[in-house]
Amino acid sequence: MITDQFGRTHNYLRISLTDNCNLRCFYCMPEENYNFTPHSKLMQADEIDTIAQLFVKNGVNKIRLTGGEPFVRKDAAKIIRNLGKLPVQLTCTTNGIRIDDMLPEIIQSDFQSINISLDTLQKEKFLKITRRDYFDRVLRNIDLLLQHTIKTKINVVAMKGINDDEISDFIAFTKAHPVEVRFIEFMPFSGNRWSSNQVMTQKDILDIVREKYDFIPLPMGFHDTAKQFSINGHKGSFSIISTMSEPFCNGCNRIRLTADGKLKNCLFSKKETDLLTPLRNGEDILPIIESAIWSKAKTQGGQLNEQFENINASIIQNRSMINIGG
């Protein structure tokens with residue numbers, strides 16, 4: 001097992017396939033004319049397979065594909081088929097636009113779940129947030145996943161003044177749909193114009209939900225990031241990822257690999273470790289991985305160790321969310 005200096009074992013690998021995306025959400029990818037990483041500088045399909053196999057040999061039993069939008073990569077199907085052969089739980093976070101195109105690979109590779117990023121249930125607001133008109137296709141693809149009994153989660157970045165008026169609408173969505181709606185606190189990344197007064201905290205969200213619903217907290221696993229709740233009579237459930245107001249670093253078991261082959265031992269770490277260059281040079285990258293994880297900070301990359309209301313986002317050293325892979 002790969003461990004850090006605080007005794008945390010790391011068995012969950014998140015692999016970004018690309019920093020490209022077919023949406024332009026302001027909090028993730030703020031610039032319209034974004035310079036995407038050239039394909040030659042991305043990890044190639046065989047390199048992803050080699051690195052993933054090494055991680056699996058050293059205790060990783062869950063792999064999540066992220067982006068950008070992972071399904072816009074031209075060789076995504078090949079990558080998925082390769083990873084589907086490994087003894088891991090395979091999952092993915094996607095904006096949902098190309099689910100219909102990728103459904104055969106999703107089924108063949110036995111995805112354990114799919115997370116759909118969807119911040120609004122209003123078509124006009126979807127266009128405003130994403131700057132693209134794909135709302136109807138995303139909803140159709142959510143239904144498509146449910147028709148094939150694939151566990152589906154909806155990721156909602158909750159932001160004051162943007163979609164805080166839709167919290168109850170998302171809860172109502174779980175009554176008829178067997179999905180888990182996951183409200184995520186708005187986090188600071190390079191270029192996303194984050195401010196603390198936009199953060200919808202766990203308390204804020206629960207206060208809104210309890211105005212209309214009685215809910216029951218569900219048991220959490222040690223490594224879980226989402227605090228889950230059920231509502232009597234609802235086919236689905238809801239949960240909250242309280243990264244800003246109530247961090248959960250003690251149980252962190254996650255490793256992030258960017259599309260250009262850099263290892264990040266925390267979402268908020270400013271330091272990155274290059275794995276792709278030494279891999280291409282024929283070096284043994286396991287000691288490099290072990291050293292990078294061992295040096296992981298105790299909480300939030302060592303950059304957010306204070307009340308989130310006092311964070312100065314302009315001095316945080318990090319990539320944009322789309323360039324990290326989430």
Side-chain angles (χ1 to χ4, degrees), residues 1-20 35-93 105 108-109 252-297 301-302 317-326:
M1 300 293 290
I2 302 171
T3 61
D4 66 13
Q5 60 187 313
F6 302 102
R8 294 174 293 198
T9 58
H10 292 71
N11 63 338
Y12 179 9
L13 175 64
R14 302 171 68 101
I15 303 176
S16 174
L17 299 189
T18 179
D19 60 352
N20 204 336
N35 293 319
F36 298 112
T37 304
H39 185 74
S40 62
K41 294 186 177 181
L42 298 177
M43 295 182 293
Q44 302 303 298
D46 60 331
E47 293 168 336
I48 292 172
D49 191 33
T50 297
I51 294 173
Q53 287 188 46
L54 179 62
F55 274 105
V56 171
K57 287 179 182 177
N58 288 274
V60 165
N61 57 20
K62 180 178 180 179
I63 293 178
R64 176 178 298 278
L65 302 181
T66 68
E69 170 47 45
F71 292 156
V72 300
R73 182 160 165 160
K74 292 181 179 180
D75 57 355
K78 178 181 178 181
I79 294 169
I80 291 169
R81 287 194 295 269
N82 288 342
L83 297 179
K85 298 174 184 176
L86 300 178
V88 297
Q89 297 179 46
L90 188 59
T91 65
C92 180
T93 297
E105 283 74 25
Q108 178 185 341
S109 299
C252 185
N253 63 341
R254 292 172 295 287
I255 305 167
R256 288 176 168 83
L257 192 59
T258 64
D260 57 352
K262 305 297 192 300
L263 185 153
K264 286 180 71 71
N265 59 21
C266 175
L267 181 60
F268 297 109
S269 63
K270 56 185 174 182
K271 183 179 178 181
E272 302 175 353
T273 302
D274 185 7
L275 297 186
L276 186 56
T277 301
L279 178 73
R280 290 178 174 177
N281 291 337
E283 300 175 33
D284 180 6
I285 62 172
L286 181 58
I288 301 173
I289 294 169
E290 291 174 331
S291 176
I293 299 302
W294 181 261
S295 65
K296 183 173 183 171
Q317 299 177 46
N318 206 352
R319 301 194 190 198
S320 62
M321 173 62 98
I322 195 169
N323 207 244
I324 295 172

Could you check Thr258 against Arg256 for side chain to side chain contact (heavy atoms under 4.5 Å, CB included), going step by step and ending with a plain yes or no?
CA-CA 6 Å; Thr258 64; Arg256 288 176 168 83; over 6 Å; no
Audit row: Val88, Leu83, side chain to side chain contact (heavy atoms under 4.5 Å, CB included) steps and yes/no:
CA-CA 8 Å; Val88 297; Leu83 297 179; 5.9 Å; no
Walk me through it: do Leu257 and Ile255 pass the test side chain to side chain contact (heavy atoms under 4.5 Å, CB included)?
CA-CA 7 Å; Leu257 192 59; Ile255 305 167; 5.9 Å; no
Set out, in order, the CA-CA distance, both residues' side-chain angles and the distance that settles side chain to side chain contact (heavy atoms under 4.5 Å, CB included) for Ile80 and Phe71, then state yes or no.
CA-CA 10 Å; Ile80 291 169; Phe71 292 156; 3.6 Å; yes
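In terms of heavy atoms, Ala52 sits closest to Leu86 at CB-CD1, 3.9 Å. Minimum heavy-atom separation, Ser269 to Asn265: CB-OD1, 3.5 Å. For the residue pair Lys262 and Asp274, the shortest heavy atom distance occurs at CD-CA, 3.6 Å. Closest approach of Val72 to Glu69, counting heavy atoms only: CG2-O, 3.0 Å. The minimum heavy-atom distance between Arg14 and Thr66, with the atom names listed, is NH2-CG2, 4.2 Å. The minimum heavy-atom distance linking Gly68 with Pro70 is given by the pair O-CD, 3.6 Å.
Ile79 contributes atom CD1, which lies 8.0 Å from atom CG of Leu65 (distance to the nearest 0.5 angstrom). Annotation: the span from Thr3 atom OG1 to Asn11 atom CG amounts to 12.0 Å, rounded to 0.5 Å. We find the CG-CD1 distance between Leu286 and Ile51 to be 12.0 Å, quoted to the nearest 0.5 Å. Distance check: Ile2 CD1 to Leu54 CG gives 7.0 Å after rounding to the nearest 0.5 Å. Atom CZ in Arg81 sits 10.0 Å away from atom CG in Asp75 (nearest 0.5 Å). The structure places CG of Leu90 at 9.5 Å from CZ of Arg64, a figure rounded to the nearest 0.5 Å.
Environment of NZ in Lys78: sparse, with no more than 12 heavy atoms of neighbouring residues, nucleotides or ligands closer than 6.0 Å.
A donor and an acceptor atom, one from each side chain of His39 and Lys74, are nowhere located under 3.5 Å apart.
Counting only distance, with no hydrogens or angles, the side chain of Glu272 and the backbone of Lys270 share no donor-acceptor pair below 3.5 Å. Judged by distance alone, the side chain of Ser291 and the main-chain N or O of Pro287 form no donor-acceptor pair under 3.5 Å. No donor-acceptor pair closer than 3.5 Å links the side chain of Asn281 to the backbone N or O of Glu283. No donor-acceptor pair closer than 3.5 Å links the side chain of Arg73 to the backbone N or O of Thr18.
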